[in-house]
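Notes to accompany the following structure.
Residue numbers begin at 1 in each chain, while the letters A, B, ... track the order of the sequences.
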Amino acid sequence: MTVWLVVLARSARFLGPLAALLLLLLLVYLYEDNPVRDSYGSTALYLVPIAAWMTLALLDATDPQVRELAAVRRGRLRTDTERVAAALAVVAALAVLAVAAPAAAGAFERAPTAGDLAVGLLAHLACGAIGVGLAACAARPVVARPAVGAAAIAGALLVLVVLGAPPMSLLDALHDDGPTAGPLIAAGALGAALVAAALALMGRRE
Amino acid sequence: MTRALRFHGVVKRYGRRAAPVLADVDLEVRPGEVVRVTGANGSGKTTLLRLAAGVSRPSAGRVERGGRAGWAPDRLDAAPPLSARELLRALGVAPGEAAALAERLGFAAWLDGRLAHDSSGTLHKVLLAQALAGDPPLLVLDEPWAGLDEDARAALATVLAERRERGAALLLSEHGAGPLAADRTLTVGAGRIEAAAP
């Protein structure tokens with residue numbers, strides 16, 4: 001997994017999604033007295049497209065021929081699992097940043113409790129996994145043309161928003177300060193299903 | 001298994017409606033055999049080799065291998081932002097074996113430089129090294145001599161001859177005759193094996 005992270009770091013492709021996340025955090029927390037869970041709901045939702053962007057950056061940072069070499073030597077499933085796991089690791093780091101930075105900066109109306117931080121982190125991780133799964137389903141080798149893949153991701157996000165499916169249901173629960181267990185589980189399950197589907201699709205492609 | 005590689009009626013097309021690049025190919029390679037694959041540009045040599053190595057899957061028919069294939073493409077479209085040592089480690093080559101192969105193939109001095117800054121010949125040697133690593137029973141090498149100087153060609157020929165002695169089967173695509181004598185030459189053209197000469 002490490003090598004895919006090294007490739008991403010040296011390619012500098014991570015800078016775009018990282019800058020986008022920092023800008024969004026700045027915009028969300030520009031005004032003070034932010035409600036804790038409501039704000040975490042917003043940034044968790046924003047993490048979906050940012051996670052997708054980061055995943056595309058990671059998966060496209062390596063020449064497809066290197067993936068082929070790795071697949072022949074180490075197996076397709078193992079190679080693809082490592083690449084997707086690397087994307088999940090990067091997105092998990094972004095999730096931690098999105099939860100910890102505003103808490104550390106005192107950008108909330110009150111100090112977040114341990115429960116707030118836990119719910120916030122889980123919401124960001126679940127939304128991040130949805131972004132990773134969507135992007136992995138729409139990246140090479142599943143979708144050969146990057147423009148088509150990006151359009152597919154945008155379309156899928158639109159469908160999720162219109163249907164009120166996770167991550168929208170999670171956002172609503174956090175905004176309304178309602179019960180979050182169900183929406184968190186649904187978002188996590190969707191993320192896991194998308195990642196599993198992506199690995200299955202990648203295994204079928206050359 | 002007494003065969004290192006076998007194709008049963010293999011068809012390969014890129015796209016459902018596309019004409020087949022390879023049509024109804026039957027092929028058998030025995031352990032210790034060196035098979036040279038020739039043909040014009042676009043004749044299907046690389047497609048045949050990619051199927052043999054398991055990089056690509058047949059559209060119809062079946063490919064059987066006696067074990068894992070070591071595969072080296074003729075080039076990479078873009079060198080990854082890694083050193084040779086990092087790439088070999090990423091591909092599962094043990095550090096000691098990577099150093100030994102680098103010594104034998106003549107890129108030991110370039111193990112830690114970025115591949116993107118190395119010559120195409122050095123990158124080619126790294127691709128050959130990862131194919132040779134782990135002593136696979138089948139070596140599938142696409143234009144292995146391309147871009148190598150005389151010393152490197154001789155070093156590679158020695159390594160391949162040793163592998164052959166140990167029972168590995170070699171499938172090599174070549175435009176001209178390489179320094180390693182082949183047991184058979186297959187000429188690919190128009191999606192078929194047009195000729196097989198001893």
> Just wondering, more than 12 heavy atoms not from Trp145(B) lying within 6.0 Å of its CH2?
Replying inline: yes

> Given a strict heavy-atom distance threshold of 4.5 Å, which part of Arg68(B) is in contact with chain A: side chain, backbone, both, or neither?
Replying inline: side chain

>> Taking OH in Tyr46(A) as the centre, count heavy atoms belonging to other residues, nucleotides or ligands within less than 6.0 Å. Is the count above 12?
In response: no

> How close do Arg76(A) and Arg57(B) get, heavy atom to heavy atom, and via which atoms?
Replying inline: NE-NH2, 3.2 Å

>> If I measure from the heavy atoms of chain A, does Ala133(B) come under 4.5 Å with its side chain, its backbone, both, or neither?
In response: both

> Could you give the distance from CG (Leu88(B)) to CG (Leu69(A)), rounded to the nearest 0.5 Å?
Replying inline: 10.0 Å

>> Please rank Ser56(B), Ala53(B), Pro73(B) by heavy-atom pairs under 4.5 Å with chain A and give me the top one.
In response: Ser56(B)

> Does Gln130(B) use its side chain to pair, donor to acceptor, with the backbone of Ala70(A) at less than 3.5 Å?
Replying inline: no

>> Please check this pair: side chain of Arg73(A) against backbone of Gly134(B), looking for a donor-acceptor N/O pair closer than 3.5 Å.
In response: no

> Counting only N and O atoms by type, is there a donor-acceptor contact under 3.5 Å from the side chain of Arg10(A) to the main-chain atoms of Pro80(B)?
Replying inline: no

> Which bit of Ala90(B) is near chain A, if near means a heavy-atom gap under 4.5 Å: side chain, backbone, both or neither?
Replying inline: both

> Which answer fits Ala71(A), side chain, backbone, both or neither, if we ask what part of it has an atom under 4.5 Å from a heavy atom of chain B?
Replying inline: neither

> Within a reach of under 6.0 Å around CD of Glu28(B), are more than 12 heavy atoms found that belong to other residues, nucleotides or ligands?
Replying inline: yes

> side chain to side chain contact (heavy atoms under 4.5 Å, CB included) between Val3(A) and Arg89(B): does it pass, once the steps are laid out?
Replying inline: CA-CA 9 Å; Val3(A) 71; Arg89(B) 191 170 57 217; over 6 Å; no

> Quick check: are there more than 12 heavy atoms from other residues, nucleotides or ligands sitting under 6.0 Å from CZ of Arg30(B)?
Replying inline: no

> By a 4.5 Å heavy-atom criterion (distance strictly below it), what part of Ala69(B) contacts chain A: side chain, backbone, both, or neither?
Replying inline: backbone

